[in-house]
Amino acid sequence: MDVRDSLIDSVRAVLTRLGVTPDPGVVQVERPSNPDHGDWSTNAALATAKAAGRNPRELATALAGALTTEPPPHVTAVEVAGPGFVNFRLAHTWLHDLLADVVTAGVDGWGRFTTGHDQPIIVEFVSANPTGPLHAGHGRGACFGDSVARLLERCGHPVSREFYVNDRGAQMRLFADSLAALAAGADAPEAGYHGAYVADWATEMPSGADPVEWGRERALADQRAVLESLGIGFDAWFSERSMVESGAVEDTLADLQWAGATYEDDGALWLRSSDHGDDKDRVLVKSDGEYTYLLPDVAYHRDKFARAPRLVNVWGADHHGYVARVHAAMAALGHQPADLEVAITQMVGLRRAGEEVRLSKRTGEMIELREVVAEVGADAARFTYLLQSVDSSQVFDLDLVASQINENPVFYVQYAHARIHSIVSRAAEVGIERVPLAAADISLLVHHRELALLRTLHELPDIVRWACRERAPHQVTTWVRELAALFHGFYHDCRVIGEGIDDALTQARLWLVEATRIGLAVALDLLGVGAPTEMWRQEEDDR
RNA sequence: GCCCCCGUAGCUCAGCCCGGAUAGAGCAGUGGCCUUCUAAUCCACCGGUCGCAGGUUCAAAUCCUGCCGGGGGCACCA
């Protein structure tokens with residue numbers, strides 16, 4: 001049993017005996033940030049005193065007294081502090097037990113949960129129009145969506161990653177017209193696409209090709225390639241056009257009409273989205289008979305709900321206003337809007353040579369995602385996109401992220417992993433073989449660096465669960481930076497192999513290093529970032 | 001005008017779910033550590049009215065209200 005749970009159980013049992021019955025969840029046991037406050041601490045007395053009509057400090061004293069008489073596992077001392085905290089001091093054995101748990105679970109099992117209960121989830125992300133390359137802004141949604149999917153998988157959900165392809169309608173037509181015009185030596189239409197890539201692609205297009213078909217494939221191939229370079233793949237590229245062809249769009253419309261959720265006005269067909277929380281009603285079929293973007297998208301969500309009970313969409317901040325109408329449409333179709341979760345990623349700005357780079361489709365002045373990956377590398381790109389909460393807008397500094405200097409956190413973390421491999425290689429070189437865990441004396445690990453590593457490794461399962469629930473991969477990034485920092489400190493102060501290092505200590509440390517490797521590997525995998533076994537700094541140019 | 005996100009150290013950001021005991025990290029700045037498993041490392045110092053004002057509470061960066069900044073959105077575009 002996890003230490004925290006055993007402490008909570010003990011505290012609850014004692015409180016009950018003292019005549020205080022705590023509500024479920026009110027007894028919290030946490031690791032204080034200040035080591036003076038013990039290894040673990042509970043605010044149980046503070047949290048329950050009021051309801052029980054007792055003085056917190058007095059209740060805490062009674063609690064501590066009882067826990068001292070019958071200490072929970074590993075506990076060596078119980079103290080009352082401050083307004084009524086009860087602090088526990090534990091023998092290092094709790095951390096030594098933890099090490100065994102980590103290495104037994106391994107990369108596959110440590111921080112893995114079955115809490116998802118095999119409930120399928122469809123994560124839709126990127127879903128850019130097939131009218132051009134992905135730009136730097138798409139990178140954030142792509143890395144975020146994929147990492148959220150990885151977190152969900154680790155928590156026991158079967159996940160389908162999906163990309164909605166908006167391959168028909170006005171934008172698609174404009175794109176095809178632009179390609180055709182340029183291929184014919186003319187100018188792209190005023191309202192068409194003017195990026196440099198359009199001209200390039202137009203020269204590639206074989207004469208006689210259908211610009212819609214060819215353009216769609218060209219754009220998709222381009223998008224797919226850059227996503228693959230980031231290690232991001234999709235289970236489905238869901239075509240809007242296919243739903244028109246299959247009749248799914250018409251079926252959806254019929255369902256909405258059947259539900260009484262539509263009406264005609266000004267020659268258009270409207271959705272009564274304001275009945276379900278939207279600001280106003282929205283057009284489904286324009287007066288010219290053409291569908292709006294909304295209707296096929298509703299059809300797509302209807303299809304997704306037929307395949308999974310829970311949906312996660314990752315949308316850019318510029319689509320925020322669209323959330324209410326899709327939720328309304330789902331409600332009209334009889335679904336729980338809350339089962340369609342929309343994660344909004346705030347904007348990404350680029351900086352290069354210290355200058356802010358504007359991302360503008362208008363002027364065609366945009367930095368493609370491909371350029372970002374080429375300049376900084378896939379690992380650095382992913383790590384950087386996942387460095388902070390997607391609730392905050394981000395400035396992506398290309399020069400900084402491309403640099404192999406210590407300001408760049410991705411190398412710092414990867415280097416920790418590489419160093420571990422280097423220790424393992426060293427052990428092999430000098431003929432040291434790691435003995436089985438049961439044969440190693442883990443109790444030799446008492447250095448504060450060693451203990452700090454173990455304490456932090458203990459947090460990973462909580463981090464994974466929390467990051468998954470909150471759809472917040474940056475929590476993993478924050479945690480892994482911390483673990484890497486602790487490892488570098490350990491590496492500096494605690495030699496694993498060498499003169500004067502006792503064989504038994506070497507063995508214990510080899511196991512600690514293995515546990516750390518597991519933590520780094522799990523976290524980096526959740527982020528989709530590689531865990532290199534060696535890294536060599538590029539030599540500076542001469543002169 | 002309405003809706004959403006953000007406002008924490010010089011800079012970039014964690015922490016806010018679920019209120020607690022001196023508010024954390026990286027970078028920048030200053031000063032230290034390499035004959036030993038890769039110094040892309042490590043250590044110390046410096047640095048903060050947690051946007052502002054109220055409220056709730058024994059206790060507020062954290063919860064509530066209002067305001068002020070910054071960003072995004074409010075189409076028969078997508």
Side-chain angles (χ1 to χ4, degrees), chain A residues 25-26 28 30 32-34 36-37 41 43 46-47 49-50 56 81-85 87 127-129 131 166 169-172 174 191 265-270 279-280 282-288 290-294 297 316-324 344-347 349 387-395 397 400 403-412 414-416 418-427 429-430 466 469-470 472 474-475 477-479 481-482 484-485 487-501 506 509 513 534-538:
Chain A
V26 298
Q28 306 259 338
E30 57 185 28
S33 47
N34 185 339
D36 290 346
H37 300 145
S41 174
N43 65 348
L46 286 162
K50 191 164 190 179
F85 291 100
N87 298 336
S127 296
N129 288 347
T131 55
N166 179 217
Q171 294 303 316
M172 195 66 216
L174 273 172
D265 191 35
D266 280 346
L269 189 74
W270 296 71
D279 294 340
K280 52 182 104 163
R282 307 291 173 173
V283 171
L284 292 167
V285 184
K286 296 188 254 180
S287 51
D288 64 2
E290 176 62 69
Y291 301 142
T292 59
Y293 180 85
L294 179 61
D297 201 24
D318 51 341
H319 285 69
H320 168 260
Y322 192 73
V323 175
I344 299 293
T345 62
Q346 296 297 318
M347 311 294 285
L387 207 48
Q388 54 191 256
S389 161
V390 291
D391 289 341
S392 308
S393 57
Q394 177 176 40
V395 177
D397 189 325
L400 180 68
S403 67
Q404 299 193 350
I405 52 177
N406 53 6
E407 302 169 48
N408 195 344
V410 63
F411 293 109
Y412 183 82
Q414 290 186 315
Y415 186 47
R419 275 184 150 176
I420 287 176
H421 191 263
S422 151
I423 292 172
V424 172
S425 309
R426 177 74 186 159
E429 270 171 38
V430 298
W466 181 241
R469 244 190 61 195
E470 292 301 303
H474 77 280
Q475 304 272 6
T477 317
T478 302
W479 178 85
R481 291 175 73 180
E482 167 78 13
F487 178 74
H488 286 306
F490 162 80
Y491 183 91
H492 188 267
D493 288 357
C494 304
R495 257 196 105 65
V496 177
I497 298 155
E499 291 286 321
I501 309 294
T506 292
R509 285 181 172 168
V513 160
E534 54 182 82
M535 294 168 75
W536 299 102
R537 181 171 214 156
Q538 285 172 14

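So that the names make sense, note that chain A is the first sequence line, chain B the second, and so on, each numbered from 1.
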Original post:
Taking N and O atoms by type only, does the side chain of A:Asn87 place a donor or acceptor under 3.5 Å from a partner on the base of B:A21?
Top reply: yes

Closest non-hydrogen atom pair, [X] against [Y]:
| X | Y | value |
| --- | --- | --- |
| A:Val496 | A:Thr506 | O-OG1, 2.7 Å |
| A:Phe85 | A:Ser41 | CD2-OG, 4.1 Å |
| A:Ile497 | A:Arg426 | CD1-CG, 4.0 Å |
| A:Asn87 | A:Ala81 | ND2-CB, 3.4 Å |
| A:Lys286 | A:Tyr291 | CE-O, 3.8 Å |

Nearest-angstrom distance, [atom1] atom, [N] to [M]:
| N | M | atom1 | answer |
| --- | --- | --- | --- |
| B:G51 | B:A44 | C1' | 33 Å |
| B:C46 | B:A25 | C1' | 16 Å |
| B:G31 | B:G47 | C1' | 15 Å |
| B:C43 | B:C27 | P | 11 Å |
| B:A21 | B:A61 | C1' | 16 Å |
| B:A53 | B:C45 | C1' | 36 Å |
| B:C33 | B:U41 | C1' | 11 Å |
| B:C34 | B:C11 | P | 35 Å |

Are the side chains of [X] and [Y] in touch, meaning some heavy atoms are under 4.5 Å apart?
| X | Y | result |
| --- | --- | --- |
| A:Asp266 | A:Ser287 | no |
| A:Ile344 | A:Val390 | no |
| A:Gln414 | A:Met535 | yes |

Counting side-chain heavy atoms from CB outward, which of [options] is closest to [X]?
| X | options | answer |
| --- | --- | --- |
| A:Asp279 | B:A21, B:C76, B:C74 | B:C74 |
| A:Ala81 | B:C74, B:A21, B:U41 | B:A21 |
| A:Lys280 | B:C74, B:A39, B:G20 | B:C74 |
| A:Ile497 | B:A21, B:C37, B:G72 | B:C37 |
| A:Pro83 | B:G72, B:G20, B:A75 | B:G20 |
| A:Arg495 | B:A21, B:C76, B:C37 | B:C37 |
| A:Ser41 | B:C42, B:A21, B:A75 | B:A21 |
| A:His488 | B:C76, B:U41, B:G71 | B:U41 |
| A:Arg469 | B:C18, B:A21, B:A40 | B:C18 |
| A:His492 | B:G20, B:C76, B:U41 | B:U41 |

Original post:
Between A:Phe85 and B:G20, do the rings stack, that is, sit under 5.5 Å apart with planes less than 30° off each other?
Top reply: no

Original post:
Can A:His319 be classed as stacking with the base of B:G73, given a centroid separation cut-off of 5.5 Å and a plane angle cut-off of 30°?
Top reply: no

Using the side chain to side chain donor-acceptor pair (under 3.5 Å) criterion, which residues pair with [X]? Sequence neighbours excluded.
| X | value |
| --- | --- |
| A:Thr292 | none |
| A:Glu30 | none |
| A:Asp493 | A:Arg449 |

Looking at every strand, decide which applies to [X] at a 4.0 Å heavy-atom threshold: base, sugar-phosphate, or nothing.
| X | answer |
| --- | --- |
| A:Asp318 | sugar-phosphate |
| A:Gln171 | sugar-phosphate |
| A:Asp297 | nothing |
| A:Ala416 | nothing |

Subject >> Polar side-chain atom of A:His488 near backbone of A:Tyr415 as donor-acceptor pair, under 3.5 Å >> reply: no

**OP:** Check whether any side-chain N or O of A:Tyr412 sits under 4.0 Å from OP1 or OP2 of B:C42, and answer yes or no.
**Re:** yes

**OP:** If a protein heavy atom is under 4.0 Å from the base, mark B; if only from the sugar-phosphate, S; if neither, -; do that for nucleotides 9-16 of chain B going 5' to 3'.
**Re:** ----SSS-

Can you tell me how far [atom2] of [N] sits from [atom1] of [X], to the nearest Å?
| X | N | atom1 | atom2 | answer |
| --- | --- | --- | --- | --- |
| A:Asp493 | B:C43 | CG | P | 7 Å |
| A:Ile344 | B:C6 | CD1 | P | 12 Å |
| A:Arg419 | B:U36 | CZ | P | 13 Å |
| A:Tyr415 | B:A40 | OH | C1' | 6 Å |
| A:Asp397 | B:G26 | CG | P | 19 Å |
| A:Phe487 | B:C43 | CZ | C1' | 18 Å |
| A:Tyr491 | B:C42 | OH | P | 12 Å |
| A:Gln346 | B:G70 | CD | P | 16 Å |

**OP:** Would you classify B:C74 as syn or anti? Syn applies when the glycosidic angle is within 90° of 0.
**Re:** anti

Original post:
Between A:Gly267 and A:Ala485, which has a closest nucleotide on RNA chain B that is more 5'?
Top reply: A:Ala485

Subject >> Closest-nucleotide 5' rank along RNA chain B - winner of A:Asp36 and A:Leu294 >> reply: A:Asp36

**OP:** Stems involving RNA chain B: give each as a range paired with a range, ordered by first number, where a stem means at least three consecutive Watson-Crick or G-U wobble pairs under 3.5 Å.
**Re:** B:1-7 with B:68-74, B:10-13 with B:24-27, B:29-32 with B:42-45, B:51-55 with B:63-67

Could you tabulate the donor-acceptor pairs under 3.5 Å formed by side-chain atoms of residues 317-324 of chain A, not counting sequence neighbours?
unit_1: A:Tyr322; atom_1: OH; unit_2: A:Asp297; atom_2: OD2; d: 3.3

